[in-house]
Amino acid sequence: MTSGADPYRVMVVDDSAVIRGLLTRALEQDPTIEVVASVSNGQMALNQLPRQPVDVVVLDIEMPVMDGLTALPKLLSLKPGLQVIMASTLTRKNADVSLRALRSGAADYVTKPSSGGELNSADAFKRELTEKVKALASAARGGGGAGQRVARPTDAAPQRATAASSAIKLRDGSIQMPEVLAIGSSTGGPQALFKLLGDLKGALRLPVLITQHMPATFTTLLAEHLSRASGMDCHEGKDGEPLKAGTIYVAPGDWHMTVVSEGTQRFIRLDQNPPENFCRPAVDPMLRSLAPIYGNRLQAVILTGMGSDGAKGCEAVVAAGGQVVAQDEASSVVWGMPGAVATRGLCSAVLPIGEISGYLRRKVLRSAA
């Protein structure tokens with residue numbers, strides 16, 4: 001957003017007046033954000049929404065009168081294009097509800113501290129919330145170029161990138177059949193993963209490694225949801241676990257997931273080395289570890305997400321002879337991560353989320369579409 005432009009307009013919805021006040025103060029520490037409404041339940045949010053422009057709603061899950069999951073589709077119906085961030089404390093129940101909300105149209109989620117005292121000192125949470133609000137609001141307004149456009153997961157008929165597309169130069173595709181598939185994602189990633197792996201159901205006969213920016217508990221439940229969507233064994237990776245064909249491994253929250261080779265066996269390694277790109281787990285360490293092991297038999301896929309995590313890892317993938325596919329801008333919730341690899345000339349294809357599975361089947365998996 002340029003100097004002098006209208007601030008990003010946010011509605012905070014939480015049944016706790018203390019939490020509403022703390023969220024408002026945290027957001028308005030950034031001069032580009034204005035909290036234009038603060039209400040205590042979903043029904044009040046519906047009543048308030050038509051009264052002033054709102055770019056982003058920060059929506060609590062558990063509230064009286066109308067909870068967040070009930071209010072979500074009503075808010076989106078009332079104002080198409082509205083960006084909703086679900087906010088909840090980190091419990092298994094709330095994590096499961098948040099994942100359901102993402103499948104129902106929420107753009108993202110944040111895990112808020114469990115008390116006002118914790119929130120006062122939770123600088124990492126405040127930074128995460130502010131960055132997500134700004135990225136989603138800016139993208140929804142169409143400002144900022146690559147990485148700054150928001151789409152609903154159901155956007156129809158996006159355009160396929162070609163070698164002639166502006167700022168994107170595609171590489172030649174590999175003729176090698178991959179031995180491993182590695183996927184990186186962040187904001188909007190769960191929705192994209194459900195779509196991609198659901199479309200590939202029955203076709204994957206190789207190990208799949210996923211790093212999705214998520215905290216612990218969320219990654220446990222994400223693996224359970226992905227197992228149902230894909231029809232495959234999907235679970236959080238465990239340190240020392242050997243890779244098996246037809247199995248999906250999700251990086252656990254707060255742990256980087258990498259792979260090591262011992263003879264002909266490949267094993268998962270988990271570590272708590274410093275965050276990269278402000279993230280742990282991060283995509284870059286996973287891809288860096290895979291590149292020298294698999295070389296030209298490594299297929300990487302970078303899906304929707306804020307920031308540029310995965311770009312350096314994809315440079316290592318390409319240098320080793322592997323291939324990269326990125327989700328296109330039109331179907332991404334935020335075109336940060338896929339945009340970073342697409343505009344660096346690292347991709348063999350840049351495709352809508354609904355076409356990546358077909359590409360993998362035809363060009364990579366060699367199975368019937």
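In what follows, residues are counted from 1 in the order of the sequence shown. In this text the structure is predicted, and so the values were computed from the model without any measurement.
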>> Determine whether Phe194 and Leu222 satisfy the following criterion, side-chain contact (heavy atoms from CB on, under 4.5 Å), listing intermediate values before the conclusion.
In response: CA-CA 9 Å; Phe194 295 140; Leu222 177 65; 4.1 Å; yes
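- Residues Val13 and Leu78 fall within the same hydrophobic cluster, defined by Ile, Leu, Val, Met, Phe, Trp and Tyr side chains chained together at heavy-atom separations under 4.5 Å.
- No cation-pi contact links Lys244 to Tyr249, judged by a cut-off of 6.0 Å to the six-membered ring centre and 45° from its axis.
- Side-chain contact between Gln265 and Pro242 is present, with at least one heavy-atom pair separated by less than 4.5 Å.
- If you check the side chains of Asp14 and Ser16, you find no donor sitting under 3.5 Å from an acceptor.
- For the atom pair CG (Leu27) and OG1 (Thr130), the distance works out to 5.0 Å, reported to the nearest 0.5 Å.
- Here the straight-line distance linking atom OG of Ser104 with atom CE of Met86 works out to 9.0 Å at 0.5 Å rounding.
- Closest non-hydrogen pair, Glu276 versus Pro285, comes out as OE2-CG, 3.4 Å.
- Within 6.0 Å of NZ in Lys195 there are 12 or fewer heavy atoms belonging to other residues, nucleotides or ligands.
- With a 4.5 Å cut-off on side-chain heavy atoms, Asp96 and His225 count as touching.
- Following chains of ILVMFWY side-chain contacts shorter than 4.5 Å, one cannot reach Leu197 starting from Met286, and the two form parts of different hydrophobic clusters.
- Side-chain atoms of Arg280 come within 3.5 Å of backbone atoms of Asn273 as a donor-acceptor pair (strictly under, hydrogens ignored).
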> Does the side-chain contact (heavy atoms from CB on, under 4.5 Å) test come out yes or no for Met257 and Trp255, once each step is laid out?
Replying inline: CA-CA 6 Å; Met257 182 173 71; Trp255 294 84; over 6 Å; no
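- Asp60 and Lys112 are joined by a salt bridge, as a carboxylate oxygen and a charged side-chain nitrogen come within less than 4.0 angstrom of each other.
- Looking at heavy atoms from C-beta onward, Phe125 lies in side-chain contact with Leu23 at the 4.5 angstrom threshold.
- Between Val10 and Val36, every side-chain heavy-atom pair lies at or beyond the 4.5 Å cut-off.
- Separation of atoms CD (Glu131) and CG (Leu129) is listed at 10.0 Å; rounding is to 0.5 Å.
- Side-chain atoms of Pro64 and Asp15, non-hydrogen and from C-beta on, do get closer than 4.5 Å to each other.
- Put simply, CD1 on Ile61 and OG1 on Thr89 are 8.0 Å apart, with the number rounded to the nearest 0.5 Å.
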>> Between Glu236 and Thr219, is the side chain to side chain donor-acceptor pair (under 3.5 Å) condition met? List the steps.
In response: CA-CA 7 Å; Glu236 290 179 306; Thr219 50; 2.6 Å; yes
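- The closest side-chain heavy-atom distance from Gln52 to Met11 is below 4.5 Å.
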> Glu62 and Lys93: salt bridge (charged side-chain N to carboxylate O under 4.0 Å, His left out), yes or no, with the steps?
Replying inline: CA-CA 10 Å; Glu62 295 182 323; Lys93 176 184 175 183; 3.4 Å; yes
Identify all side-chain donor-acceptor contacts of residues 177-190 below 3.5 Å with residues at least two apart in sequence or on another chain.
| from | atom 1 | to | atom 2 | distance (Å) |
| --- | --- | --- | --- | --- |
| Ser185 | OG | Gln212 | OE1 | 2.6 |
| Ser186 | OG | His213 | ND1 | 2.9 |
| Thr187 | OG1 | Asp108 | OD2 | 3.2 |

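- Val341 and Leu298 end up in the same hydrophobic cluster when Ile, Leu, Val, Met, Phe, Trp and Tyr side chains are linked at under 4.5 Å.
- If you chain together hydrophobic residues whose side chains sit under 4.5 Å apart, Leu243 and Val301 never meet in one group.
- Here the closest heavy-atom approach between residue Pro338 and residue Leu303 is recorded as CD-O, 3.3 Å.
- In terms of the side chain to side chain donor-acceptor pair (under 3.5 Å) criterion, residue partners of Asn277 (sequence neighbours excluded) are, by chain and number, Asp284, Asp309.
- Each of Val250, Thr247, Leu226, Ile248 was checked for a side chain to side chain contact (heavy atoms under 4.5 Å, CB included) with His235, and the lone residue meeting it is Thr247.
- By the rule that hydrophobic residues join a cluster once side-chain heavy atoms approach within less than 4.5 Å of another member, Val260 and Val208 end up as members of separate clusters.
- Leu196 places a side-chain heavy atom less than 4.5 Å from the side chain of Ile353.
- Note on residues 214-234: pairs passing salt bridge (charged side-chain N to carboxylate O under 4.0 Å, His left out), not counting sequence neighbours, are Arg92-Glu224.
- Counting all heavy atoms, side chain and backbone alike, Thr32 lies closest to Lys134 at OG1-CE, 3.6 Å.
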>> Go through it in stages, so that I can follow the logic: the residues are Asp55 and Gln83, the test is side chain to side chain donor-acceptor pair (under 3.5 Å), and I'd like the CA-CA distance, side-chain angles, deciding distance and then a yes or no.
In response: CA-CA 6 Å; Asp55 298 308; Gln83 303 304 313; over 6 Å; no
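- With hydrogens and angles disregarded, a donor-acceptor distance shorter than 3.5 Å links the side chain of Asp239 to the backbone of Leu270.
- The structure places CG of Leu360 at 7.5 Å from CD1 of Ile356, a figure rounded to the nearest 0.5 Å.
- In terms of modelled atom types and a separation under 3.5 Å, the side chain of Thr304 and the main chain of Val333 share a donor-acceptor contact.
- Residues Cys314 and Ile302 are in side-chain contact: their nearest non-hydrogen atoms beyond the backbone lie under 4.5 Å apart.
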